[in-house]
Amino acid sequence: MSLLRTHNCNELRKEHIGTAVTLAGWVNRRRDHGGLIFIDLRDRAGIVQTVFNPETSPDALKNAEEMRTEFVVRISGEVNLRPAGTENPHLATGDIEVIVKEAEILNTSRTPPFYINEEVEIEENLRLKYRYLDLRRPRMKENILLRHRVVKFMRDFLDARGFVDVETPILIKSTPEGARDYLVPSRVHPGEFYALPQSPQQIKQLLMVGGLEKYYQMARCFRDEDTRADRQPEHTQLDVEMSFVEQEDILRLMEELYTSLVTTITPQKRVVKPFPRFTYRDIMERYASDKPDLRYALEIADLTDIAGQTEFTIFTDAITGGGRVKGLAAPGCGNYTRHQLDELNRLVLDSGAKGLLTVSLGHPGGTLDELAIDDVKSVAAKYLTLDQIQEMAQLCRADKGDLLLIVAGQENEIYPALDVLRREIACRLKLADPDTFAFAFVVDFPMFTRSEETGKWEAIHHPFTHPRPEDIPLLDTSPGDVIGQNYDIICNGYELASGSIRIHNADLQRKIFKLMGYQDEEIENLFGHMLEAFDYGAPPHGGIAPGIDRTVMLLAGEDTIREVIAFPKTQSAMDLTFGAPSPVTEEQLKELHIDLREE
RNA sequence: GGCCCCGUGGUGUAGCGGUCUAACAUGCCACCCUGUCACGGUGGAGAUCGGGGGUUCAAAUCCCCCCGGGGUCGCCA
């Protein structure tokens, strides 16, 4: 195995009995019986019990008395069957133990700042400061090993299908759109900067022009924007691009990749193939989100028609103002207390909607037809007829005993509220099965949205997305109606991947840039390299980029991607292990031609 | 930048105006212990309760500001 050891701590079994072994690892636990000492030795592979006996090896025992938690030690001895009745079924190596003949302390350790041998929640900033110790703990160790298996699987999967792994530059050109770039000053070119890639988007398209046909890369992507539980300043994408493909080719490839990944890496989890497909419009209508958790239904119903017939002015005013009335049913929540209803109302207000109307549909039992007006509890009850309530309940697929949650207003203000409500109810009712991955494709996104600040058309995905061929004429007449050939993979409430068929024609690409308000000169400056490349026989191509961190997070059952990243950054983008970012010397700044401004 | 949550011995928690000279568990140190495996036993050390200011006769506890961590909106082509 190596010069320092013959076996790892997890591989010794009954068949090794009598074998002389040398092991090295960390002291996971020491049990000193005064004379007899047990030390659980731990390495990456696992744990084995070693026994120090004063009669067989007094010198080794002397060393063992010095050993403490997390000391690095090396022992030599013989594998023994444990005495009958002392086997430990919790250990893979629990049938045997190593009788130590010689022991050596390779390195001592201070008492760790937190438990390594116990699963206790530790404050995250402490874990991050001592991440190298945190990585020894089972949770992080397993997550990092899982991540390795996921990445290995993806590489093998794509290699087997003819994909070529190409490395692309990390120091590239800053582009104006999208996220804020991380900038790197140039020593050689005073006043000029490189940018770290937000993704290798343009580069991989040029690889297609370069004739690679099938490219992939574990690509690090950098975005100087605020973090979230599922967002870090740097993250890793499985960047994929293919030539001579249509959208359908890419979706099928991804469906195959993800289903085989899950069945191979986490066979205990459920996954449904084929993945359901939704248009953007459809999924927003039904779930008020472009990445809903589809492990549960809780579909959102459009109540605008019936709400417009009521005497309830909050509804009718909203509709008159061009808004909609939408709602969902919270199963079995008809008995919610005032306090619980207030909590839901608070969520709605915090999400920016004007308010929440709750309609309690009495007690469970019987059908909606048997609902009496006296069963109904709602502040709007006197403005609604029983027929209207029953119809709204029916549209929400509600039963007696349920709670209707209804929000009225403009779509852009009620959708966040409906999304929050849907997730909150699912959380309270524990509707999301932790052992299921509900993948889905979302397709047919609009290409452009009009910026509220500038009034300009902005790309929803990115400006290299190819419009649906039939929509190209709309570029001249109504850009907001143009649907792009782009697609997301969503799973359990997360956007896992995003991709598109790209433009490979310089004229069309130029047209898109112009539509977005770029002047000819800007276009040549910023994107001339792309447009020129398209003039030299660019093949039709498209791709996608699944997020590795989010994928591993889901497979690991974690709630944040920090748990699957060896050295993640905090919400304020700091690396607590290294203390980055940090000031640099005046000499360094001078070399880079940088003066710091007073803020 | 907005909103919300958290910060008490090394670690995890309790305490939420006076009984706090701050409790419990674990870890740590010492001694005892030859079959434990979260070993056991006895003893001990260890906290100006994130920092500052205020209210009060009295503050870990109430108020304000700041710092740090987290969640989220904005942001993330």
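Basis for what follows: all heavy atoms, side chains included, without hydrogens, waters or symmetry-related copies. Below, chain A is the first sequence line, B the second, and so on; all start at residue 1.
- Counting to the nearest Å, the C1' atom of B:C76 and the CD atom of A:E458 are 13 Å from each other.
- Using Watson-Crick or G-U wobble geometry with both donor-acceptor distances under 3.5 Å, B:C3 finds its partner in B:G71.
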- Could you run through nucleotides 1-16 of chain B and give me one letter per nucleotide, 5' to 3': B if any protein heavy atom sits under 4.0 Å from the base, S if only the sugar-phosphate is that close, - if neither? B--------BBS----

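- Judged as a salt bridge (Lys or Arg N to Asp or Glu O under 4.0 Å), the pairs with a partner in residues 60-73 of chain A (not counting sequence neighbours) are, in order, A:R42-A:E70, A:E70-A:R136.
- Every side chain to side chain donor-acceptor pair (under 3.5 Å) that A:E558 has, sequence neighbours left out, goes to A:R139, A:N143.
- Not one side-chain nitrogen or oxygen of A:S351 sits closer than 4.0 Å to the OP1 or OP2 atom of B:C73.
- Annotation: side chain of A:I489 is in contact with side chain of A:I544 (closest heavy-atom distance under 4.5 Å).
- Residue A:T69 has a polar side-chain atom (N or O) positioned under 4.0 Å from OP1 or OP2 of B:C28.
- Using Watson-Crick or G-U wobble geometry with both donor-acceptor distances under 3.5 Å, B:C24 finds its partner in B:G12.
- Note: A:Y130 and A:Y132 have perpendicular aromatic rings, judged against thresholds of 30 and 60 degrees for the angle between ring planes.
- For the C1' atom pair drawn from B:G9 and B:G74, the interatomic distance equals 41 Å after rounding to whole Å.
- Across B:U11 and B:C66, the matching P atoms stand 27 Å from one another, rounded to whole Å.
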- Footprint string (nucleotides 45-52 of chain B, 5' to 3'): B base within contact, S backbone only, - free, heavy atoms under 4.0 Å: --------

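- Comparing the same atom, C1', in B:C24 and in B:C76 gives a spacing of 45 Å after rounding to whole Å.
- Annotation: B:A60 and B:U48 have their C1' atoms spaced 11 Å apart (nearest Å).
- Remark: the A:R223 side chain and the B:C76 base include no donor-acceptor N/O pair separated by less than 3.5 Å.
- Nucleic acid contact for A:E124: sugar-phosphate only, since backbone atoms but no base atoms lie under 4.0 Å from a heavy atom of the residue.
- We find that CZ of A:R137 is positioned 13 Å from C1' of B:G27, with the value rounded to whole Å.
- Taking atom CD of A:E65 as the reference point, atom C1' of B:A30 lies 14 Å away to the nearest angstrom.
- Nucleic acid contact class of A:R110 (heavy atoms, under 4.0 Å, all strands): none.
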- Note on the structure: Reading nucleotides 32-43 of chain B from 5' to 3' and marking B where a protein heavy atom lies under 4.0 Å of the base, S where only the sugar-phosphate is that close, and - otherwise, the string is -BBBBBSB----

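- Classification of A:R131 and A:D134 as a salt-bridged pair holds, one side-chain N sitting under 4.0 Å from a carboxylate O.
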- Query: Between A:D40 and A:R29, does a salt bridge (Lys or Arg N to Asp or Glu O under 4.0 Å) hold up when you go through it step by step?
  - Reply: CA-CA 5 Å; A:D40 292 339; A:R29 236 175 247 283; 5.3 Å; no

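- For A:F445 and A:Y280, the ring centers are positioned less than 6.0 Å apart.
- The residue A:M574 sits close only to the backbone: its heavy atoms come under 4.0 Å of sugar-phosphate atoms, none of a base.
- For the segment residues 498-522 of chain A, the set of residues with a heavy atom within less than 4.0 Å of an atom of RNA chain B is empty.
- Residues that satisfy the side chain to side chain donor-acceptor pair (under 3.5 Å) test with A:Q509, not counting sequence neighbours, are absent from this structure.
- Atom OH of A:Y194 has 12 or fewer neighbouring heavy atoms from other residues, nucleotides or ligands inside a 6.0 Å radius.
- Atom name P, nucleotides B:A58 and B:G18: the rounded distance is 14 Å, in whole Å.
- Under 4.0 Å is where a charged nitrogen must lie from a carboxylate oxygen, and between A:D181 and A:R223 no such pair does.
- Sorted by first and then second residue, the salt bridge (Lys or Arg N to Asp or Glu O under 4.0 Å) pairs involving residues 480-503 of chain A (not counting sequence neighbours) are A:E241-A:R502.
- Considering only side-chain N and O atoms, A:R127 lies nowhere under 4.0 angstrom from the phosphate OP1 or OP2 of B:G70.
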Could you pull out all donor-acceptor pairs under 3.5 Å where a side-chain atom in residues 409-417 of chain A meets a protein atom, sequence neighbours excluded?
unit_1, atom_1, unit_2, atom_2, d
A:Q410, NE2, A:G321, O, 2.8
A:E411, OE2, A:R324, NH1, 2.2
A:E413, OE2, A:K354, NZ, 3.4
A:E413, OE2, A:Q410, N, 3.3
A:Y415, OH, A:K326, NZ, 3.3

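- Between A:H7 and A:H16, the ring planes are perpendicular. Angles over 60° get that label, and only those under 30° would be called parallel.
- Residues forming a side-chain contact (heavy atoms from CB on, under 4.5 Å) with A:L341 (at least two apart in sequence, or on another chain): A:Y336, A:T358, A:L403.
- Rounded to the nearest Å, the gap between the P atom of B:C57 and that of B:G50 is 25 Å.
- Note on A:I460: only backbone sugar-phosphate atoms sit closer than 4.0 angstrom, heavy atoms only; bases stay farther off.
- Residues passing the ring pair (Phe, Tyr, Trp, His ring centres under 6.0 Å) test with A:F222: none are found, sequence neighbours excluded.
- With both ends at atom P, the span from B:A45 to B:U36 equals 32 Å, rounded to whole Å.
- Contacts of A:F71 classified as ring pair (Phe, Tyr, Trp, His ring centres under 6.0 Å), with partners at least two apart in sequence or in another chain: none.
- Put simply, CD on A:Q571 is 13 Å from C1' on B:C75, counting in whole angstrom units.
- At the heavy-atom level, A:T227 lies nowhere under 4.0 Å from the strands shown.
- Remark: the separation of the P atoms in B:G10 and B:G51 is 12 Å, to the nearest Å.
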